[in-house]
Amino acid sequence: MSESTKLVATDPQRLLVIDGHSMAFRAFYALPAENFATDTGQHTNAVHGFVSMLLTMIRQQKPTHVAVAFDLDTPTFRSLEYTEYKAGRNKTPEEFYGQIDLIQKVMEAMNIPTITMDGFEADDIIATLAAKGEAAGLDVLVVSGDRDAFQLITDKTLVLYPKKGISDIPPMDGDAVEAKYFVRPEQYSDLAALVGETADNLPGVPGVGPKTAAKWINLYGGLPGILENIDAIKGKVGDSLRENVDNVTRNRRLNHLLRDLELPVGIEAMELERPNREAIEELFDALQFNTLRKRLFDLFGDEPQDAAAEAVIPVHEVLGDAAALQGWFGAHGAQLLGLHAATVPASGGTDVVGVAFASNDATAFVSLQDIDADTKQALAKVLSSTSYAKAVHDFKGTYKLLLEHGLELAGVVDDTMITAYLIQPDRRSHELPDIAQQHLRIALEEAKAPADGQLAFDLEGPDHATPAVRAAHVVRQLSQLLAGMLVERGGETLLKELEMPLSLVLARMEMAGIAIDTAKLDELYDGFTASINQATDRAYEAIGHEVNLSSPKQLQVVLFEELDLPRTKKIKTGFTTDAESLQDLLENTGHPFLKALMAHRDANKLRQTVEGLRKAVAPEGRIHTTYAQTVAATGRLSSLNPNLQNIPVRSEAGRRIREVFVVGEGYETLLTADYSQIEMRVMAHLSQDEGLIQAYKDGEDLHRFVGSHVFNVEPEDVTNEMRSKVKAMSYGLAYGLSSFGLSKQLRISVDEARTLMKDYFSRFGAVRDYLRKLVDDARKDGYTETIFGRRRYLPELASDNRQLRDIAERAALNAPIQGSAADIIKRAMLGVEEGLAAAGLKSRMLLQVHDELVLEVAAGELEAVEALVREKMGAAADLLVPLDVHVGIGASWQDAGH
DNA sequence: CATGTCACGTA
DNA sequence: CGTACGTGACATGC
């Protein structure tokens with residue numbers, strides 16, 4: 001430690017030399033391979049660990065020069081002299097394949113030379129580099145997991161030798177080597193020759209370890225002295241040495257590192273440069289290294305690319321009065337304008353403090369802080385005017401925020417968040433900085449709060465304008481770039497005619513929220529709490545002590561160690577304690593703890609749901625969920641904060657929660673409308689199976705109908721058991737269910753399941769043909785498509801990894817079915833919204849739960865609304881089968897449901 | 001304090 | 001070894 005700091009203090013020129021293979025292996029074994037893989041199945045743990053280690057080294061040691069040496073697969077002078085050299089090593093693990101290449105690519109992108117030499121090992125390259133570096137007056141740091149490197153240590157050269165893993169790499173100097181091995185570094189090779197090196201398959205002198213070897217070396221001054229006095233050495237070890245003297249001399253020849261190779265790269269080429277940003281971006285995108293990307297750019301400074309991007313962003317004008325605002329729009333308003341709201345965190349959410357605009361050659365900012373009435377009115381006018389075409393990222397969010405200031409946003413012709421989603425629905429994030437990073441290679445930082453203490457001196461307040469203007473500019477660029485990509489993918493209609501109008505509908509639904517009976521909510525909470533307490537007591541009593549019933553880990557100890565119950569399905573952390581397994585255990589053992597535990601699980605889950613709802617009730621007594629329009633890869637919406645799409649319905653206790661969702665004041669009733677079996681109908685349509693289509697046209701009980709054909713009985717003779725089997729199978733098919741999965745679900749044998757599926761497909765062959773063709777086409781095209789042209793790209797259909805490929809195939813099977821159903825209800829929502837407005841009705845949509853809509857009906861409108869909803873939902877798609885809609889009415893969601 | 005794992009609710 | 005989601009508690013790692 002003190003040695004390395006001394007180095008840093010005395011000489012700024014420093015060469016860092018890394019043994020590529022040995023450090024890649026260290027990284028490989030330090031990080032679990034299964035946790036580091038790209039979506040395409042390429043393992044990256046060695047790459048990740050190596051790059052992480054390198055960045056740490058650069059940050060801590062501040063080298064001026066860096067080089068990485070690699071071995072080649074070709075024979076070296078050592079393997080030629082001693083064919084067993086390094087033999088007997090375990091085969092390279094499969095997961096390591098390709099990672100050396102990737103490391104070399106990263107090095108290239110970082111402008112760090114990688115050096116290989118035919119016939120020589122990385123160790124020799126490193127030794128030569130150390131010698132050359134010293135000769136050039138540099139200090140040298142060698143990073144290697146190979147102890148042979150210790151012979152290189154001098155007062156100018158240190159070795160960084162990893163203790164374990166790749167995060168703990170202390171520097172070794174002469175004193176450290178002596179403290180550990182009792183010899184000076186220059187004698188380490190002698191010691192290693194005597195002791196031998198298992199890793200290199202170099203046996204030494206049996207019975208001689210480091211202690212004995214060091215004793216001899218210090219007594220005779222080194223290996224030559226020992227050999228001269230070989231007959232003077234007494235005892236068993238002396239005999240052993242004399243018998244194995246050939247081993248020792250061979251070892252010494254082999255472990256001596258060459259220091260005079262003709263390297264293909266000079267020291268000057270190793271000077272540390274700034275990485276090639278574009279190459280790093282591309283590579284790290286592919287490797288999915290996001291944390292490392294940030295660390296790397298932080299380390300090297302993040303300016304150059306940004307400076308370039310910054311340069312093309314025109315300096316913004318601050319529009320401080322109505323005249324300036326009108327003037328700017330007069331001059332620039334004919335173009336597409338990027339728009340971005342500047343926001344700050346506020347109590348309970350976010351608040352807009354200004355609006356930024358960007359045309360292709362000008363930018364502007366309007367502050368909402370201390371804005372006068374005239375200016376605000378001028379702003380309101382341009383925001384709401386459809387004469388000004390705007391592109392926004394996240395229209396729904398922006399629309400809602402602006403509306404809090406009484407500003408209505410209209411004339412939005414593009415939402416880059418949705419466009420990016422339609423292009424790549426599988427992306428984890430469609431946030432502006434992520435999309436900008438990928439498509440424009442621009443780093444957009446989220447506006448961050450000023451550091452503590454900074455605020456006090458910043459009398460002008462934080463600058464909201466600059467980052468917002470930057471964002472507006474980026475949105476405009478993205479809009480132009482992504483528009484072309486979307487057209488290529490055939491998604492333009494979906495954007496303009498479905499998703500963007502839907503955003504506005506969703507915004508209204510979110511703002512409306514749904515009324516809550518808070519007194520009933522509290523009652524439920526207390527009731528579930530009582531159930532939890534009861535179950536807890538019974539559970540403790542059953543095992544004679546307390547335990548955290550919410551901790552799977554502690555439950556495993558109780559179930560499988562204390563009670564020694566039969567082991568359940570294996571999971572990462574041991575054995576599962578999930579509901580299905582607990583049920584099995586209960587049936588097999590009847591242990592009272594299991595019953596209590598399950599009761600606790602149920603009540604606790606319900607109380608959690610209730611607690612979540614309680615916290616989400618807004619001051620006016622309604623819950624406002626947020627719909628995520630760009631999350632689900634199939635095209636569905638998702639609901640969050642709170643999630644109102646997973647409110648219990650199956651259990652009696654759970655259904656009571658639906659009673660707290662009630663009709664609000666000023667309205668007459670809630671109305672629910674849901675599609676009956678929409679996914680099966682989509683499947684009937686897409687597969688064009690005559691049997692299914694006819695059944696739906698005749699309005700038959702589908703599962704009964706299918707059951708009669710599969711089991712070859714009259715429809716009225718289909719038992720409940722037959723019907724439920726068929727139902728499970730029909731739905732399973734749309735998920736890529738296997739006979740194994742079906743057998744597990746129905747608790748029948750795999751053979752029975754297989755027969756069931758065979759019978760099914762023999763009657764409904766078009767379904768099988770359709771599903772088969774679906775996957776084939778998806779593999780050929782690289783994507784699946786819904787009835788309305790929504791695509792999902794599934795590159796992993798071509799993966800070599802069977803596991804990944806199978807997952808992709810099931811996703812491909814499901815995406816057009818789930819996705820088409822999602823498209824249909826979205827179209828229905830547009831129809832209902834339009835219909836309500838056209839008829840001048842006050843009733844409104846509140847919730848969407850994938851195949852169900854919940855509306856709040858105003859007094860006297862029930863009949864009209866029901867007819868409208870039936871009509872619009874039924875007409876949302878023109879399928880080969882009718883779309884049946886079931887409607888329910890009631891004062892609560894539970895009562896309105898079915 | 002952030003991240004991953006498990007479990008579980010819905011369609 | 002059935003798709004698509006979101007949430008909360010616990011455990012672990014930095």
Side-chain angles (χ1 to χ4, degrees), chain A residues 31-32 34-35 52 167 291 425-426 547-556 568-569 571-582 597-598 600-602 604-613 615-616 625-628 630-651 653-655 657-658 674-680 683 728-746 750 753 771 784 792 794 802-803 806-819 821-822 825 847-852 897:
Chain A
L31 303 174
E34 62 271 23
N35 295 355
S52 170
S167 46
T291 334
D426 279 277
V547 62
N548 185 343
L549 296 174
S550 301
S551 164
K553 189 154 189 208
Q554 295 183 35
L555 287 176
Q556 283 180 27
T568 55
K569 198 173 56 181
I571 51 171
K572 277 185 188 168
T573 56
F575 300 96
T576 182
T577 68
D578 65 11
E580 190 193 334
S581 305
L582 293 183
L597 172 58
M598 291 165 75
H600 177 273
R601 279 259 176 89
D602 282 348
N604 198 42
K605 176 79 182 173
L606 292 170
R607 189 176 72 172
Q608 269 181 32
T609 303
V610 168
E611 177 61 7
L613 293 176
K615 282 193 278 203
T625 186
T626 302
Y627 290 102
T630 60
V631 167
T634 53
R636 276 189 175 182
L637 300 176
S638 77
S639 157
L640 63 160
N641 304 321
N643 180 359
L644 296 185
Q645 289 178 326
N646 72 341
I647 301 303
V649 71
R650 286 167 197 174
S651 74
R655 275 196 292 275
I657 297 180
R658 293 200 170 213
D674 69 278
Y675 283 118
S676 137
Q677 301 174 347
I678 187 165
E679 292 195 358
M680 278 305 295
M683 187 135 90
M729 186 161 45
S730 289
Y731 280 105
L733 289 177
Y735 301 146
L737 186 68
S738 64
S739 50
F740 176 85
L742 184 66
S743 73
K744 229 174 62 125
Q745 191 188 331
L746 297 178
V750 177
L771 293 173
T784 63
R792 177 171 183 186
L794 293 160
R802 191 178 59 81
Q803 163 106 353
D806 284 353
I807 291 173
E809 282 185 8
R810 292 194 296 268
L813 220 53
N814 179 248
I817 299 168
Q818 189 183 115
I825 194 165
L847 305 179
Q848 189 253 43
V849 192
H850 307 308
D851 65 357
E852 172 188 10

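A, B, ... follow the sequence lines: proteins, then strands. Residue 1 opens every chain.
Across all non-hydrogen atoms, the minimal contact from A/Leu847 to A/Tyr627 is CA-OH, 3.2 Å. Between A/Ala821 and A/Ile678, the shortest heavy-atom distance links the atoms CB-CG2, 4.0 Å.
Within 4.0 Å (heavy atoms only), A/Ile647 reaches sugar-phosphate atoms of the nucleic acid but no base atom. Here A/Arg650 lies in heavy-atom contact (under 4.0 Å) with a base. Residue A/Ala579 is in sugar-phosphate contact alone, with no base atom involved, counting any heavy-atom pair closer than 4.0 Å across all strands shown.
Remark: P of B/dA11 and CE of A/Met680 are 17 Å apart, rounded to the nearest angstrom. Following rounding to the nearest Å, A/Lys553 (NZ) and B/dC6 (P) show an atom-to-atom distance of 11 Å. In this structure, A/Met598 atom CE and B/dC8 atom C1' are separated by 13 Å, rounded to whole Å. One can place CG of A/Asp674 at 13 Å from C1' of B/dT10, the figure rounded to the nearest angstrom. Rounded to whole Å, atom C1' of C/dT12 lies 14 Å from atom NZ of A/Lys572.
Under 4.0 Å is where a charged nitrogen must lie from a carboxylate oxygen, and between A/Asp806 and A/Arg802 at least one such pair does.
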Review point. If pairs are Watson-Crick or G-U with both distances under 3.5 Å, what is the dot-bracket string of DNA chain B, marking crossing pairs with [ ] and pairs to another strand with |?
Key: |||||||||||

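Put simply, A/Ser551 has a side-chain N or O that comes within less than 4.0 Å of OP1 or OP2 on C/dA11. Taking side-chain N and O atoms only, A/Gln554 has a distance below 4.0 Å to OP1 or OP2 of C/dA11.
Between A/Tyr731 and A/Met683, the closest side-chain pair of non-hydrogen atoms is not below 4.5 Å. Side-chain contact check for A/Ser639 versus A/Gln848: every heavy-atom pair is 4.5 Å or farther apart. Counting heavy atoms from C-beta on, the side chains of A/Gln556 and A/Thr577 come closer than 4.5 Å. At least one side-chain heavy atom of A/Leu613 sits less than 4.5 Å from a side-chain heavy atom of A/Leu644.
By the ring-ring contact (aromatic ring centres under 6.0 Å, His included) test, A/Tyr735 is found to be paired with no residue, residues two or more places apart in sequence or in another chain being considered.
A distance of about 25 Å separates the P atoms of B/dG4 and C/dG2, rounded to the whole Å.
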Revision key, fill the gap. B/S/- along nucleotides 2-9 of chain C (protein heavy atoms under 4.0 Å) is BBBSBSSS

Exercise for review: Report the C-alpha distance between A/Ser581 and A/Thr576 in whole Å, list the side-chain angles of each, state the deciding distance to 0.1 Å, and finish with yes or no for side-chain hydrogen bond (donor to acceptor under 3.5 Å, both in side chains).
Suggested key: CA-CA 7 Å; A/Ser581 305; A/Thr576 182; 4.6 Å; no

